[in-house]
Amino acid sequence: MTLDRSAGLADSARALAEGEVSSRTLVERALARIEATQGILNAFRIVRAEAALAEAEAADRELAAGVRRPLLGVPVAVKDDMDVAGEPTAFGCQGDHPVVAEDGEAVRRLRAAGAVIVGKTNTCELGQWPFTEGPAFGATRNPWNTDHTPGGSSGGSAAAVAAGLVPAALGSDGAGSVRIPASWTHLVGIKPQRGRISTWPRGESFQGITVNGTLARTVADAALLLDAAGGNHARDPHRPPAVDARAAVGRDPGRLRIALALKPPFTAVPARLRPEVRARVVEVAGKLADLGHTVEEADPPYGQIGLTFVPRATAGIAEWVAEAPFPALLDRRTRGTARLGRLLGGTPLRAARRAEAALHRRIGAFFATYDVVLAPTTAAPPPRIGAMLDLSGFATDRAIIAACPYAWPWNVLGWPGVNVPAGFAPGGLPVGAQLLGPANSEPLLLSLAAQLEAELRWHELWPPQPEPVTNAAAG
């Protein structure tokens, strides 16, 4: 049996619908790839082998009966902060967590589209950090270089897609947690408009800064998964107008005014764009200019937007910690952040939430001059495994800001952003650029990303087949 890892989401769905392959075969191949790499990449927290095969056989019966759904029989993965009925949702935490009774809304919609959920992918504890490591499950590694992290917090989903274990996966993004691992594993990562993919059973996740998003090797596949998972629970507080992401992929974006924003937004500690990342992002800007767009350096008027992020992020951690079944097992940094969140959860949190409207007006006015912002997704290439694992809370925050100062403002705003691969830093480590737009601008961003993909052909490059890690790199 060949273990071809190159079939994408749309190609797999088409082959299933045309009877070229069975869902059981695709799921068996995915499970075999996961098993072969789990001891190396460690992308999955839970592998649903028996359940996924049963679901694949049910999908094959539907396909044989002429039923057609967008992802019928296609294997995908979801991050382990999303509820899958019959499985625990540990969200990167230690302990023997109880199984949940019902699918979360995003998973329910994936199933309604016919997808087979083969497993739940690793994430750092409560999704706080841009690395995917911890005592609950060990270290998840980057397929491009297993001495390095794939990023976080959706690092397991990114590693699984980058290595071809599954054609696409869901992640979540509260400060770049889809876009950062996408940039560090050479993937397309969509952070959609707040509410585009439901976070139910939480109406708001982390006080509204966290959204669910998609990771795939191509813009078309990421858009297909976005359409399949998108939609709202009846009690969702954020219900943006519907978009057709797949239709946007083939659309000419027209000639756009693009702001190249290289300056890090407001941060409490220094952050510097590394020259090897800057060079790759500037090359993307040059390609956009070659395609006929007007590109000039300009930075959105962020102001002190970071002051509105901290209360929401820390209060969100405090909410999760209050519900944690094993609080004594949580990382000391998590407990420290929860204490801060409880302190900031009153008047500062209310002020931070109120400030969003003014930020929308001020930064929204920037889009009267520019259609899209092009910015680095991170300031640095992916760090080595273990580089941030044992730091103090303050040192961790400094390291995160130094490496990843660019993604989080769009979480405060709730607006869409798309990471696109920007090439490689020395050592073969991937880096990315993000396309950022105003409210509900996914179609524009995806059409532009697809135009870039047609030129840069990033999906044709694959990481090397993973090799066993050495003791020195075990981290």
Side-chain angles (χ1 to χ4, degrees), residues 144 176 179-180 182-191 216-220 222-223 248-265 271-302 366-382 403-407 409-410 416-438 441-462:
W144 291 91
R179 289 163 290 156
I180 290 165
S183 73
W184 284 346
T185 59
H186 197 70
L187 296 177
V188 175
I190 302 175
K191 173 222 171 295
R217 291 177 49 77
T218 68
V219 178
V249 172
R251 189 179 303 145
D252 186 341
R255 296 186 63 179
L256 302 177
R257 301 163 300 171
I258 299 174
L260 173 61
L262 297 174
K263 182 181 177 182
R272 182 180 70 88
L273 178 60
R274 295 264 289 269
E276 63 269 36
V277 179
R278 186 186 194 280
R280 300 290 83 76
V281 176
V282 169
E283 286 173 3
V284 173
K287 178 56 67 175
L288 288 167
D290 292 343
L291 288 166
H293 304 292
T294 300
V295 182
E296 60 186 38
E297 289 198 35
D299 296 297
Y302 289 118
F366 187 76
F367 289 97
T369 304
Y370 299 100
D371 301 300
V372 173
V373 172
L374 170 69
T377 304
T378 69
C404 303
Y406 288 99
W410 247 245
V418 179
N419 176 79
V420 295
F424 298 86
L429 295 169
V431 295
Q434 52 180 341
L435 305 172
L436 304 169
S441 59
E442 290 101 326
L444 177 63
L445 300 179
L446 292 172
S447 65
L448 182 60
Q451 186 186 50
L452 266 175
E453 180 178 274
E455 292 290 319
L456 299 179
R457 312 294 296 176
W458 54 63
H459 54 287
E460 295 176 354
L461 297 176
W462 283 89

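The first residue of the sequence shown is numbered 1, and numbering continues consecutively from there.
The two residues P265 and P405 make their nearest non-hydrogen contact at CD-O, 3.3 Å. The two residues H293 and G254 have their closest heavy-atom pair at CE1-O, 2.9 Å. The shortest non-hydrogen separation linking V281 to G432 is CG2-O, 4.0 Å. What you find for W184 and T378 is that their closest heavy atoms are NE1-OG1, 3.2 Å. Of all heavy-atom pairs spanning A433 and T377, the tightest one is C-OG1, 3.1 Å. Nearest heavy atom pair, residue Y406 against residue L273, reads OH-CB, 3.4 Å.
Ring geometry for W410 versus Y302: interplanar angle over 60°, hence perpendicular rather than tilted (30 to 60°).
I258 is not listed as a side-chain neighbour of L435, based on a closest heavy-atom distance of 4.5 Å or more. Side-chain contact check for D252 versus S447: every heavy-atom pair is 4.5 Å or farther apart. Looking only at side-chain heavy atoms (C-beta outward), E276 and L429 stay at 4.5 Å or farther from each other. Between L446 and I190, the closest side-chain pair of non-hydrogen atoms falls below 4.5 Å. Contact of the L436 side chain with the R179 side chain is registered, since non-hydrogen atoms from C-beta on lie closer than 4.5 Å. For the pair V219 and L452, the minimum side-chain heavy-atom distance is 4.5 Å or more. Counting heavy atoms from C-beta on, the side chains of Y370 and E296 come closer than 4.5 Å. With contacts defined as side-chain heavy-atom distances shorter than 4.5 Å, the pair T185/P430 does not qualify.
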Fill in: Step-by-step side-chain contact (heavy atoms from CB on, under 4.5 Å) determination, Q451 to L448
CA-CA 5 Å; Q451 186 186 50; L448 182 60; 3.6 Å; yes

Item to complete: Evaluate the side-chain contact (heavy atoms from CB on, under 4.5 Å) criterion for residues L260 and L288: first the C-alpha distance (whole Å), next the side-chain angles of each, then the deciding distance (0.1 Å), finally the verdict.
Response: CA-CA 11 Å; L260 173 61; L288 288 167; over 6 Å; no

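For the pair N419 (side chain) and I180 (backbone), a donor-acceptor distance under 3.5 Å is absent. Proximity of a side-chain donor or acceptor of R217 to a complementary backbone N or O of L461 within less than 3.5 Å is detected. No donor-acceptor pair closer than 3.5 Å links the side chain of Q434 to the backbone N or O of V418.
Here the CD-CZ distance, from E283 to R278, works out to 11.5 Å after rounding to the nearest 0.5 Å. To the nearest 0.5 Å, the span separating NZ on K287 from CG on L374 amounts to 14.0 Å.
The number of heavy-atom neighbours closer than 6.0 Å to CZ of R257, taken from other residues, nucleotides and ligands shown, is above 12.
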